[in-house]
2 protein chains.
Amino acid sequence: MARDRRGGSPPPTAVSTDLTRRARIRDAGLRLFSERGTEGATVRDIARAASVSPGLVRHHFGSKEGLRAACDAFVLERGTEIKERALFQGELDQPELLLMHRYLARSMVEGSGAAASMFDRLVQATQLWLERHAPSETPDPRGRAALLIAMELGALVMREVLSRALGSDTLSPEGSLRVARAKLELYSQPLLSADAAARARAAMDALGERLDAAAAGEGRPATGAGDPGG
Amino acid sequence: MARDRRGGSPPPTAVSTDLTRRARIRDAGLRLFSERGTEGATVRDIARAASVSPGLVRHHFGSKEGLRAACDAFVLERGTEIKERALFQGELDQPELLLMHRYLARSMVEGSGAAASMFDRLVQATQLWLERHAPSETPDPRGRAALLIAMELGALVMREVLSRALGSDTLSPEGSLRVARAKLELYSQPLLSADAAARARAAMDALGERLDAAAAGEGRPATGAGDPGG
DNA sequence: TAGGAAGCTATACGCTCGTATCGTAGGCTC
DNA sequence: GAGCCTACGATACGAGCGTATAGCTTCCTA
């Protein structure tokens, strides 16, 4: 992925950016995949966005799926690096980080292969964060972390409707500040009173026992309960 | 949408279910749209799932978009009814409710028109729920509710990766119980200490002031901060 | 300085999609 | 029972997709 500039019809002048054409294609793929999904983003569109012929996409990445895999790999590699920089050096307002997030969120909705491993990685990091900053004697720390990450990413995926409902773009400075404040609100005070929580816990324990009993005798199934409002 | 049964190639015998063919198409659309998205679900597949010719889809709904609109309308209408029944009569384990949820979540990811209005409706209901059960002197109750709903739906959309990470299907009795417990955990105890919350709040206030100042003089933008682990 | 390798475009093939059109069968109205 | 409306299937069409291939240009190497 180092700098290289060779042959081709257009004479070797700088073309819009100083990136390799290969890198330009990858970046365009990253952006269009996260905006429109794997199906929605066509090779031709990606090529156009990179100011390149569709054939070149195939030349460099073999196939659309190949480009997809390359994007996955890139996010997996650079993503963690960028995220660490953001977390530990406070460089939070990187548009690159946002792009990675959006790409990941899309991938996870669509169930891409690399998305799953990235999700696992995020869950593990979150679990560590939770153990350090929000300890709890929960019997299922991994479940707690996984659900939190899924919900976090959800807010990103729902960006469009969320923006509409709030009246301001979630990605704009004002909108993201508003979301950040709301998130702070949600994270700093419990939604359920100790009373309600205890009642819900009891109900779930009962359900769990019923489930265990059913497992032994192939009884009727039962689904979850107890979420506020949604 | 009443019962009707007229002409057609197959003699008037009962076909697989007792639903109108029109209703069968709508149901298949509901299912396939929520499983594969608007692009992923083809008219031919939907027709096959409904044991019907592709032409009949067009006949009844005009176009694929028409079918989509009909599904939206159905969810908008029946959805609230079902949800109310679920909430107020405790009938939580309806597979129909789950289908509606999944359809909605997909719609919102894809930004369908009706999804937006449904989202608004959900936000309003959640806001009421929050005011009653988790009062707070937040300056932005609507923002809090909207974010909560977006995150709730996110967990649904991320079902695939979430299931993979947890090791058990989120929709199975065991899996959904586990998710419900994790959710209870998250909702019943704050993730941020009063200390950390105060610090974050101060940082956001500072950011907000900087933003207001910039608004007057067209200064440089700045993006949000302060989310745990994600 | 000849020749192969790499970057790149242009063009075309085959497939699948949404949609349009036509033909047919049954029920309703007068 | 003639005429018409509605339900429905079969077939076809054009567009857009991913992909294959051929050919040109430039650089590297021997």
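It should be emphasised that the depicted structure is a prediction, and the values quoted were computed from it without experimental measurement.
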Is the phosphate of [N], meaning OP1 or OP2, less than 4.0 Å from a side-chain N or O of [X]?
| X | N | answer |
| --- | --- | --- |
| H60(A) | dC8(C) | yes |
| H59(A) | dG7(C) | yes |
| R21(B) | dC8(D) | yes |

Self-check item: R144(A): side-chain hydrogen bond (donor to acceptor under 3.5 Å, both in side chains) partners, not counting sequence neighbours
Solution: none
Quiz prompt | Contacts of type side-chain hydrogen bond (donor to acceptor under 3.5 Å, both in side chains), residue S53(A), not counting sequence neighbours | solution =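 Partners of S53(A) by the side-chain hydrogen bond (donor to acceptor under 3.5 Å, both in side chains) criterion come out as none, since no residue qualifies.
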Practice problem: Answer yes or no: is there a donor N or O on one side and an acceptor on the other, between the side chain of S176(A) and the main chain of L171(A), under 3.5 Å? | Solution: no
Do any pairs count as a salt bridge (Lys or Arg N to Asp or Glu O under 4.0 Å) and have a residue in [range], sequence neighbours left out, and if so which ones?
| range | answer |
| --- | --- |
| residues 105-119 of chain B | R68(B)-E110(B) |
| residues 43-58 of chain B | R36(B)-D45(B), D45(B)-R48(B) |
| residues 117-130 of chain A | D120(A)-R142(A), D120(A)-R164(B) |

Practice problem: Take atom CD1 of I25(B) and atom C1' of dG9(D), then tell me their distance rounded to the nearest Å. | Solution: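 Taking atom C1' of dG9(D) as the reference, CD1 of I25(B) is at 12 Å.
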Exercise. Calculate the interatomic distance between L56(A) atom CG and dC24(D) atom C1'; express it in whole Å.
Key: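 Whole-Å distance recorded here is 14 Å.
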Just the atom pairs and distances: protein N or O near nucleotides 16-19 of chain C's N or O, under 3.5 Å.
residue	atom	partner	partner atom	Å
dG18(C)	OP1	K64(B)	NZ	2.6
dG18(C)	OP2	V43(B)	N	3.0
dG18(C)	N7	R44(B)	NH1	2.7
dG18(C)	O6	R44(B)	NH2	2.9
dT19(C)	OP2	K64(B)	N	2.9

